[in-house]
Amino acid sequence: MKHLLSTQDLTRDQAVRLLDIAEDMAEVSNREVKKLPTLRGKTVVNLFFEDSTRTRVSFELAAKRLSADVITFSAKGSSVSKGESLKDTAQTLAAMGADAIVVRHGASGAAQVLAERGWTNAAIINAGDGTHEHPTQALLDAYTMRKRIHGAAARGKALDGVAVTIVGDILHSRVARSNVWLLASLGARVHLVAPATLIPIGVEAWPSTVGYDFDVAIDFKPDVIMMLRIQSERMNHAYFPNEREYARQWGLDDERVARLPVATMVMHPGPMNRGLEISSVAADSYRSTVLEQVASGVSVRMAVLYELLTGTGSGTDTATGTGTGTAA
Ligand code: CP
């Protein structure tokens, strides 16, 4: 695997292998010295044209835990604000010797353009491109589900038969797209729930089912409910009457969360709009995996960097084992 652009590109075996490597990386994060020498001498550039907290910081931490040199570059405060193009920015960073470029961009397809145009030989990791995909978010979500469901026996397992209901702004959600493809590959049953205005055209071709009534979806007792952020910044007109009406019909409020089976997980990729798509009771309940997802993000991003930059493709044995596993 040279790049990670989309979960559609991942086979089931590749996805399970990445989740297994992430298990090893999580063990490193529990050590007193949370560091491996594996990527010593490699340079990882975080190239963020859109705001981020979780993805940017966790990629930086992941690269540092693997002993890579890390440069974090935000469009704000860089020559991008003077009009420098993606091509010139990428070539400039490539000239400085980047081995991996982690890119977040407002344009769908930006990561693919970087990977395919030959402007850089670096491995490209899509950290969110417009409304298209956010593959490492989906991987960390799958990792979190697998951990809650299978616990210490998670290694080697997929998510066969797990019922996942994704609720909210599907139209603008790269998280939803990446999750639908990855979860389907891993054997999960994915159901989407949203107002009709927030369901994308062409959704019939996705490996998922669609509904419009959140209460009906709850009656089916899903194993996982994943709430999505309302992405107001991408909305150029009204998709629902008002926020109160949205929360009443499609929000995970206190009454709905009380009706969920005890074992149902509540997920949210963050950042959350509390009181809109999710209540504080739901977000802070024992069911909520919101902070587990953040912690999983570091392990999963370590796994992705390891896989792309060492090119072993050999799975978990070498990820933290003898030779690479000693603390730096
Ligand atoms: N989930 C997610 O991508 O969060 P950030 O925008 O904070 O990176």
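For ligands, and for the atoms within them, numbers begin at 1 and follow the listed sequence. A quick note: this is a predicted structure, and the numbers were derived from the prediction, not measured.
Using a cutoff of 4.0 Å between basic side-chain nitrogens and carboxylate oxygens, Arg148 and Asp223 are not scored as salt-bridged. Salt bridge Glu255/Arg259: present, at least one basic N to carboxylate O contact under 4.0 Å. Arg12 has a carboxylate O that lies under 4.0 Å from a charged side-chain N of Asp160, or vice versa, which qualifies the two as a salt bridge.
Closest non-hydrogen pair, Arg256 versus Trp250, comes out as NH1-N, 4.2 Å.
Residue, atom and distance of the protein heavy atom nearest to atom 4 (O) of ligand 1 are Arg54 NE, 3.1 Å. Among all protein heavy atoms, the one lying closest to atom 6 (O) of ligand 1 is Arg104 NH1, 2.9 Å.
Inspection of the Arg104 and Thr55 side chains reveals an N or O donor paired with an N or O acceptor under 3.5 Å.
Close approach of ligand 1 to Gly270 is summarised as follows: ligand atoms under 4.0 Å from at least one heavy atom of the residue are 1 (N), 2 (C), 4 (O). Which parts of ligand 1 touch Thr53 is read off a 4.0 Å heavy-atom cut-off, strictly below it: atoms 5 (P), 7 (O), 8 (O).
Backbone and side-chain nitrogen or oxygen atoms of Arg56 are examined, and none is located within less than 3.5 angstrom of a nitrogen or oxygen of ligand 1.
Under the 4.0 angstrom criterion for non-hydrogen atoms, Glu50 is not in contact with ligand 1.
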